[in-house]
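Both backbone and side-chain heavy atoms feed into the values below; hydrogens, waters and symmetry mates do not.
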Amino acid sequence: MRSHDTQERPDITVVMAARAGDRQASEQLIRDCLPLVYNIVGRALDGHSDVDDVVQETMMRVLDGLPGLEQPDRFRSWLVAITVRQIRDRWRRGRAGLAVESLEDTAQEPGPQADFSDLAILRLALSGQRREAVEATRWLEDEEREVLALWWMESAGELTRGELSVACDLTPQHAAVRIQRVKERLETARTVVRAVTASPRCPDLATVLASWDGRPSALWRKRLARHVRDCPQCLLSSSDLIPAEGLLTDLALVPAPVGLAGLVLARALRADSAGATVGSGTRTASSASRTARTTGRLTAKPAAAAAVALAAAGVAWYTAAGSHEPAARPAVAAPLSPAASSVPPSPRASASRTPPPTPTRATAPATTAADRFSGRQAVRSVDQPGDYVSQSGRLGILDPVGATSSSATRQAAAFTFVPGLADPRCYSLRDATGRYLRHYAFRIRLDTDDRSAIFRKDATFCPRPGSTAGSVSLESYNYPGRYIHHRDNLQLWLDPSENTAAYRASRSFVLVAPWT
């Protein structure tokens, strides 16, 4: 585990200064605490769209209650205890809402945002067993994810067992029992993830999954675990799993969004301003906090307001984990071929640029990928004109293919372009056996769709201009700035963009009719 110095944990002098009303110390405290709170809430509420709201409310309750904190040296335990209470309040509100909302009301709700597991995988560039461990958290109950979130922070060196026990209002012995139970369920979920994503999948497991809707849940974890325990093939596939503690040690925190820091600081500044108008030097949970909560809710969503608040507060946001945000998609400088020139930029690309003064979403053509590319295509390399995107077992390669090649070789190099599994404005490439071209640990391979959100994103690629007229490059949907690219050994990888003619040619392809 990492050892924490005074720069990583809130300094007691900063806590005392913030408790006394020092605004600069309060801002420093927010910056120090936000990554921990964001990661605990994110893991506990994985899949919910209001993680940012819960984090904001937690930080405001911390600032409101700070003057009453009698033991500044126990600030961290107190902070985590408030975080846990806010998580449980969110669960209670959610369950109460489900009891009173009509089906019509629920049907009108927008779809959930990308869950925290996806963010962890993308922003920390996780692969292999660390990635599987994160995906396994989706198969746990809400209460299990709460304990998991705290144990995860302990394993990563962000919390001590004493701080965890105090936060949960448990004795160390009872906390150890609960943690052990969650660890066992996480390990079971990891074996389920390994079995479900195996290619080829166990035939008996495929029968069990026939009625599965593709959404991980604790109920399905129990059902599938029974099969895995009794199935030699599934047990063998998970025989190399490393204990989760070894995967979590020294794992960086998922960076909190910069805009979230700005929103929290903006609300804190409003609370200070509201408190000053009361004419008292003591902050209370009355008019000041009510004003902060009211104005915060009114302005919590616009991204532009967050950026302005962040700049006004003079915050230079930094996390020990460093920035893992994907690079912005490059602007399209050259037209695509007639078939691909109408491809609109992905929503992730437009989010990273300055929005135009007039919204254009309403006037954008309502087309899907099927309207532009359809049917089977062979994908020919621009700089290796006799070679085509093909496969060797499960791995993507460039392979020489021609009219005289065997029927199996030609079939392996033909793909059906379908609307992107994650975004219908992009594409997914399916082979004759039903497997999809996707990236895994940045290696291009072919796998069967496991219906998970991360698989859909891994298997979605957006066309961009290639290095020659009529050619196209395939950019990853969930790793903007990375393209399907062949290396010198003709293996296909998802590699970051380089501004060289050789690189642009090696990631460019021409779509041609397959051989008959």
Side-chain angles (χ1 to χ4, degrees), residues 122-127 322-354 372-373 377-392 395-401 413 415 417 420 423 425-429 437-446 457-512:
L122 296 179
R123 294 182 180 178
L124 302 183
L126 300 183
S127 61
S323 174
H324 296 274
E325 292 289 349
R329 293 187 188 275
V332 176
L336 291 169
S337 62
S341 61
S342 60
V343 177
S346 108
R348 293 173 178 265
S350 58
S352 65
R353 304 187 188 114
T354 303
R372 297 184 296 276
F373 297 163
Q377 307 277 350
V379 185
R380 187 181 69 209
S381 170
V382 163
D383 66 338
Q384 302 286 335
D387 292 345
Y388 293 77
V389 172
S390 185
Q391 51 193 285
S392 175
L395 299 179
I397 61 170
L398 279 189
D399 198 33
V401 186
F415 297 89
F417 278 65
D423 187 336
R425 294 171 294 181
C426 298
Y427 299 93
S428 294
L429 284 65
L437 207 68
R438 56 89 63 97
H439 64 84
Y440 190 96
F442 301 122
R443 184 73 164 88
I444 299 300
R445 55 191 264 180
L446 288 104
K457 294 170 185 176
D458 287 351
T460 300
F461 302 92
C462 300
R464 303 290 180 236
S467 62
T468 60
S471 67
V472 64
S473 295
L474 296 172
E475 183 183 24
S476 169
Y477 173 78
N478 56 353
Y479 279 86
R482 284 182 177 264
Y483 295 80
I484 295 181
H485 164 256
H486 76 79
R487 296 184 178 177
D488 291 341
N489 58 6
L490 301 186
Q491 291 180 352
L492 294 176
W493 289 78
L494 194 71
D495 285 332
S497 179
E498 297 177 11
N499 191 24
T500 65
Y503 175 86
R504 288 193 295 272
S506 60
R507 66 166 169 84
S508 298
F509 305 92
V510 176
L511 305 185
V512 298

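Side-chain contact check for Ile444 versus Leu437: some heavy-atom pair is nearer than 4.5 Å. Side-chain contact between Arg425 and Cys462: absent, with no pair of heavy atoms (C-beta onward) separated by less than 4.5 Å.
The stretch residues 489-503 participates, sequence neighbours left out, in these salt bridge (Lys or Arg N to Asp or Glu O under 4.0 Å) pairs: Arg487-Asp495.
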**Item:** Stepwise side chain to side chain contact (heavy atoms under 4.5 Å, CB included) check, Val401 with Asp387
**Value:** CA-CA 6 Å; Val401 186; Asp387 292 345; over 6 Å; no
**Message:** side-chain hydrogen bond (donor to acceptor under 3.5 Å, both in side chains), that's the test. Do Ser381 and Asp383 meet it? Break it down for me.
**Reply:** CA-CA 6 Å; Ser381 170; Asp383 66 338; 2.9 Å; yes
**Chi angles and distances behind the side chain to side chain contact (heavy atoms under 4.5 Å, CB included) call for Tyr388, Val512** = CA-CA 10 Å; Tyr388 293 77; Val512 298; 3.9 Å; yes
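For the pair Val382 and Val510, the tightest heavy-atom approach, listed with the atom from each and the gap, is CG2-CG2, 4.1 Å. Across Ser467 and Ser508, no two heavy atoms sit closer than the pair N-OG, 2.9 Å. In plain terms, the two heavy atoms of Arg507 and Pro465 that are nearest each other are NH1-O, 4.0 Å. Contact detail for Arg443 and Leu492: the closest heavy-atom pair is NH1-O, 2.9 Å. In terms of heavy atoms, Pro463 sits closest to Val472 at CB-CG2, 3.5 Å.
Leu474 CG to Leu511 CG: the interatomic distance, rounded to the nearest 0.5 Å, is 7.5 Å. Note that CD of Gln377 is 14.0 Å distant from CZ of Phe509, once rounded to the nearest 0.5 Å. Atom OG of Ser390 sits about 6.0 Å away from atom CZ of Phe415, to the nearest 0.5 Å. The NE2 atom of His485 sits 10.0 Å away from atom CG of Leu398, with the distance rounded to the nearest 0.5 Å. The CD1 atom of Ile484 lies 12.5 Å from the CZ atom of Arg438; values are rounded to the nearest 0.5 Å. Here the straight-line distance linking atom OG of Ser428 with atom CZ of Phe461 works out to 7.5 Å at 0.5 Å rounding.
Formation of a donor-acceptor pair under 3.5 Å by the Thr500 side chain with backbone atoms of Tyr503 is found in this model.
Counted within 6.0 Å of CG on Asn499, heavy atoms from surrounding residues, nucleotides or ligands total 12 or fewer; the atom is thus considered open.
Both tests pass for Arg482 against the ring of Phe442: distance under 6.0 Å to the centre and angle within 45° of the axis.
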